[in-house]
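The structure appears right after this line, and notes come after that.
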Amino acid sequence: MKPRIREVIVVEGRYDHNTLAQVVDATVVELGGFAVFHDAEKLALLRRLAETRGLILLTDSDGAGFVIRNHLKGALPREKVKQAYIPDIAGKERRKRRPGKEGKLGVEGMDPATLLSVLRRCGATFEEEGEKTPAGEPITKADLFALGLSGGSGSAERRKALAKALDLPEHLSPNALLDVLNLLTTREELAETLRRLAGEIGE
């Protein structure tokens with residue numbers, strides 16, 4: 001069974017995400033590389049997740065990875081972010097024809113034991129099975145549909161209003177919204193927020 005980590009792990013791209021998903025049970029957010037520099041919504045989401053769950057920043061060990069890391073250091077609350085550093089290992093990932101500019105393996109090229117060691121060293125919170133019982137049932141896709149947040153008339157507008165009320169990016173897909181809601185709120189709190197919003201917009 002994969003160890004569960006409380007903090008949200010922040011990585012550069014989807015291949016890093018895929019590698020981590022095979023090693024740990026954790027919420028992983030992709031930055032999209034340098035695109036995060038111009039993505040105010042993504043930064044706002046990261047700040048929110050930092051305050052509620054804490055973040056672990058895990059970028060490649062090359063120059064580009066440190067440019068991204070240093071940018072985020074200045075944009076996120078430092079006391080809520082743990083810095084995880086992979087070792088400098090020469091090589092290339094199997095999917096690539098040639099090594100990167102600096103000839104180092106990135107996060108996606110790390111073996112499971114190395115990634116676990118890196119996460120433990122940075123102070124990641126490894127949760128025992130008995131510790132992860134949520135306060136109430138998780139929010140499901142069926143809940144989003146029942147609450148009018150997906151699959152029905154006006155659902156996109158309701159998602160947009162909810163995102164604004166919770167300080168979330170307005171362009172979150174229903175699946176992404178579901179992941180974030182389960183990190184930030186409960187079914188009961190979500191229903192109450194929606195009742196309040198319905199009163200404010202006169203539904």
Side-chain angles (χ1 to χ4, degrees), residues 2-21 23-61 64-86 106-108 110 115-128 131-136 138-139 159-187 189-190 193:
K2 293 181 290 189
R4 182 180 177 86
I5 291 178
R6 172 176 170 73
E7 291 89 357
V8 175
I9 303 176
V10 180
V11 297
E12 291 182 45
R14 64 188 176 99
Y15 292 106
D16 303 330
H17 187 163
N18 293 343
T19 296
L20 275 173
V23 179
V24 293
D25 178 5
T27 300
V28 181
V29 174
E30 300 167 22
L31 295 173
F34 291 135
V36 73
F37 291 3
H38 312 290
D39 192 338
E41 289 190 340
K42 178 68 66 70
L43 285 173
L45 175 58
L46 290 174
R47 289 189 196 101
R48 186 78 188 278
L49 294 174
E51 292 294 343
T52 55
R53 290 285 290 270
L55 299 179
I56 293 173
L57 188 52
L58 181 61
T59 64
D60 291 348
S61 60
F66 274 88
V67 168
I68 293 170
R69 186 187 294 272
N70 289 333
H71 175 77
L72 292 177
K73 277 183 179 179
L76 299 171
R78 290 195 172 212
E79 70 280 4
K80 301 289 186 178
V81 181
K82 296 174 179 177
Q83 303 288 336
Y85 297 96
I86 61 170
V107 170
E108 68 167 291
M110 295 291 119
L115 286 173
L116 283 173
S117 173
V118 162
L119 291 167
R120 290 187 190 283
R121 199 166 59 231
C122 82
T125 306
F126 284 80
E127 297 183 341
E128 300 298 329
E131 292 180 19
K132 67 178 187 181
T133 306
I139 301 163
R159 284 200 306 276
K160 186 173 179 179
L162 177 64
K164 185 174 181 181
L166 296 178
D167 294 323
L168 297 173
E170 68 174 75
H171 298 298
L172 286 176
S173 68
N175 284 340
L177 178 64
L178 183 63
D179 288 341
V180 174
L181 289 175
N182 273 309
L183 290 172
L184 299 179
T185 190
T186 65
R187 287 169 98 179
E189 290 169 346
L190 174 60
T193 299

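Quick note: residue numbers are just sequence positions, from 1. Hydrogens, waters and symmetry mates are skipped; everything else that's a heavy atom, side chains included, is used.
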Using every non-hydrogen atom in the two residues, find where [X] and [Y] come nearest and quote the distance to one decimal.
X: Ile86; Y: Gly106; value: CD1-C, 3.6 Å
X: Ala50; Y: Pro77; value: CB-CG, 4.0 Å
X: Val36; Y: Lys42; value: CG2-CG, 4.0 Å
X: Glu12; Y: Asp60; value: OE2-N, 2.7 Å

Could you check whether any side-chain heavy atom of Val10 comes within less than 4.5 Å of a side-chain heavy atom of Leu49, counting everything from C-beta outward?
no

Side chains of Phe37 and Ile68: closer than 4.5 Å at any heavy-atom pair?
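Of all side-chain heavy-atom pairs linking Ile68 with Phe37, at least one is under 4.5 Å.
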
All side chain to side chain contact (heavy atoms under 4.5 Å, CB included) counterparts of [X], not counting sequence neighbours:
X: Ala75; result: Leu43, Arg47
X: Val23; result: Pro112, Leu115, Leu116
X: Thr185; result: Ile139, Leu181, Glu189, Leu190
X: Arg121; result: Ser117, Val118

ring-ring contact (aromatic ring centres under 6.0 Å, His included) with His17: which residues, sequence neighbours excluded?
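Scan of His17 (ring-ring contact (aromatic ring centres under 6.0 Å, His included), adjacent residues dropped) gives none.
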
CA sep, side-chain torsions, deciding dist, call: Leu58, Asp16, side-chain contact (heavy atoms from CB on, under 4.5 Å):
CA-CA 9 Å; Leu58 181 61; Asp16 303 330; over 6 Å; no

Is there a donor-acceptor pair closer than 3.5 Å between any side-chain N or O of [X] and the backbone N or O of [Y]?
X: Asp25; Y: Pro3; value: no
X: Lys2; Y: Ala26; value: no
X: Arg69; Y: Leu57; value: yes

What distance separates [X] [atom1] from [Y] [atom2], expressed to the nearest 0.5 Å?
X: Ile5; Y: Arg53; atom1: CD1; atom2: CZ; answer: 11.0 Å
X: Thr59; Y: Leu72; atom1: OG1; atom2: CG; answer: 8.5 Å
X: Ile56; Y: Thr27; atom1: CD1; atom2: OG1; answer: 11.0 Å
X: Leu76; Y: Glu51; atom1: CG; atom2: CD; answer: 9.5 Å

Considering only residues two or more places apart or on different chains, which pairs with a residue in residues 71-86 satisfy salt bridge (charged side-chain N to carboxylate O under 4.0 Å, His left out)?
Glu7-Lys82

Might you work through the side-chain contact (heavy atoms from CB on, under 4.5 Å) test for Val81 and Leu46, ending with a clear yes or no?
CA-CA 10 Å; Val81 181; Leu46 290 174; over 6 Å; no

